[in-house]
Amino acid sequence: MMILENDKCHIKIEEDVTYTVDSVDNRHYDLILNPGQYRRRDFTKTFSISIDLFSREFSIALIGPFYSYDSDCAVLNGNILTVLQDNTITQIKVSDGSIVHYTTFDCIGGCFFAMYQVKKGYIICGEVELILLDFEFEKKWSFFCVDIFVSVSEIHEDVVCLYDLENNYYEIDYDGNLVTCIST
């Protein structure tokens, strides 16, 4: 689950494990967004997005790829919610739930599970690949590690710090260069 808040809204994102595309038995949502045009037999996951605008509330079902994770999956900037679902990004206007932008990006292997905004765009963390997308969602660089990334541990002004499954420590600068690697 992920909670985001600013002066315009309070947002809660969590997985809806009961949702099935095109089923009449789904829980009620004010909006159902399916920008990837997924169908019932596709391998999908649905995020339940609750938006409280402090004057009214509504809910959105956002359907995306199955390998999507509801923690560290979104960034809120003003009236725009940017949501990562594996190798897809959907930007939603929180005032009315409309899709502002939808894109997919190439990935070499594994799934992507976390997104963080930085000065140059968005750092996207995957199982084996760390990428930087600019604000137009163009891939600027990618970095691969020795083993599967566990998590981004810290984001500093000049480097991203992370560990892999073998507990190797990496510092990557915002040009995609390895600054530090400490192997265990």
Side-chain angles (χ1 to χ4, degrees), residues 1-6 8-117 121-131 133 135-139 142 148-152 165:
M1 177 175 64
M2 184 171 197
I3 303 243
L4 300 163
E5 189 169 47
N6 64 17
K8 297 176 182 359
C9 62
H10 175 88
I11 296 174
K12 181 167 98 174
I13 302 171
E14 57 190 338
E15 179 185 350
D16 182 344
V17 296
T18 65
Y19 194 91
T20 302
V21 177
D22 297 330
S23 173
V24 295
D25 295 331
N26 292 320
R27 87 171 227 220
H28 170 76
Y29 286 97
D30 298 304
L31 291 168
I32 298 171
L33 303 179
N34 187 358
Q37 302 300 308
Y38 292 99
R39 296 288 165 229
R40 185 177 186 100
R41 289 183 178 33
D42 293 336
F43 205 40
T44 64
K45 188 172 282 183
T46 300
F47 284 172
S48 171
I49 303 173
S50 301
I51 300 176
D52 181 355
L53 297 171
F54 307 125
S55 61
R56 69 181 176 94
E57 296 178 22
F58 64 100
S59 61
I60 298 172
L62 178 60
I63 303 163
F66 180 77
Y67 294 108
S68 302
Y69 302 92
D70 61 359
S71 61
D72 297 323
C73 67
V75 173
L76 178 61
N77 283 321
N79 193 35
I80 303 296
L81 176 66
T82 305
V83 182
L84 172 74
Q85 289 179 291
D86 192 12
N87 68 328
T88 67
I89 293 177
T90 307
Q91 284 191 313
I92 301 167
K93 187 188 290 184
V94 298
S95 59
D96 63 9
S98 62
I99 294 177
V100 176
H101 186 78
Y102 173 77
T103 191
T104 61
F105 55 90
D106 293 332
C107 55
I108 302 302
C111 65
F112 288 90
F113 56 84
M115 175 171 73
Y116 309 93
Q117 185 173 334
Y122 301 97
I123 292 288
I124 310 291
C125 189
E127 286 184 319
V128 295
E129 185 179 12
L130 185 76
I131 66 173
L133 300 178
F135 289 109
E136 285 76 46
F137 304 107
E138 297 295 323
K139 187 187 277 190
S142 61
I148 296 173
F149 285 126
V150 175
S151 67
V152 171
L165 269 178

Item to check | Pair Ser23-Arg40, side-chain contact (heavy atoms from CB on, under 4.5 Å): steps then yes or no | outcome: CA-CA 8 Å; Ser23 173; Arg40 185 177 186 100; 3.7 Å; yes
Find the distance between [atom1] ([X]) and [atom2] ([Y]) and round it off to the nearest 0.5 Å.
X	Y	atom1	atom2	result
Leu62	Thr90	CG	OG1	5.0 Å
His28	Ser59	NE2	OG	5.5 Å
Ile63	Asp22	CD1	CG	7.5 Å
Phe113	Cys73	CZ	SG	12.5 Å
Asn87	Phe105	CG	CZ	5.5 Å
Gln85	Cys111	CD	SG	12.5 Å

Item to check | Contacts of Thr18 that satisfy side chain to side chain donor-acceptor pair (under 3.5 Å) - sequence neighbours left out | outcome: Asp16
Checklist entry - Taking only residues two or more places apart in sequence, or in another chain, which ones meet Ser55 in a side-chain contact (heavy atoms from CB on, under 4.5 Å)? => result Leu53
For the residue pair [X] and [Y], establish whether any side-chain heavy-atom pair is separated by less than 4.5 Å.
X	Y	result
Tyr19	Ile32	yes
Cys9	Leu76	yes
Lys8	Val94	no

Next on the checklist: Do Asp42 and Thr44 pair up side chain to side chain, a donor and an acceptor below 3.5 Å, judged on atom types alone?
Outcome noted: no
Checklist entry - Between Arg27 and Ser48, is any side-chain donor less than 3.5 angstrom from a side-chain acceptor? => result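 Yes, side-chain donor-acceptor contact under 3.5 Å.
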Next on the checklist: Checking Asp70 against Met2 for the side-chain contact (heavy atoms from CB on, under 4.5 Å) test, could you report, in this order, the C-alpha distance in whole Å, the side-chain angles of both residues, the deciding distance, and whether it holds?
Outcome noted: CA-CA 6 Å; Asp70 61 359; Met2 184 171 197; 5.8 Å; no
What heavy-atom pair brings [X] and [Y] nearest, and what distance separates the two atoms?
X	Y	value
Val100	Lys93	CG2-N, 3.8 Å
Arg39	Val21	C-CG1, 3.7 Å
Thr88	Pro65	OG1-CD, 3.7 Å
Phe149	Cys125	CB-SG, 4.2 Å

Looking only at atom types and distance, does a side-chain atom of [X] sit under 3.5 Å from a main-chain N or O of [Y], one as donor and one as acceptor?
X	Y	result
Asp72	Met115	no
Asn26	Thr20	yes
Asn6	Gly78	yes

Run the ring pair (Phe, Tyr, Trp, His ring centres under 6.0 Å) test against [X] and tell me which residues pass, sequence neighbours left out.
X	answer
Tyr69	none
Tyr122	Phe135, Phe137
Tyr116	none

Checklist entry - side-chain contact (heavy atoms from CB on, under 4.5 Å) between Ile51 and Ile60: does it pass, once the steps are laid out? => result CA-CA 8 Å; Ile51 300 176; Ile60 298 172; 3.8 Å; yes
Checklist entry - Residues two or more places apart in sequence or in another chain: which of them pass salt bridge (charged side-chain N to carboxylate O under 4.0 Å, His left out) with Glu5? => result none
Item to check | CA sep, side-chain torsions, deciding dist, call: Leu33, Tyr102, side-chain contact (heavy atoms from CB on, under 4.5 Å) | outcome: CA-CA 11 Å; Leu33 303 179; Tyr102 173 77; over 6 Å; no
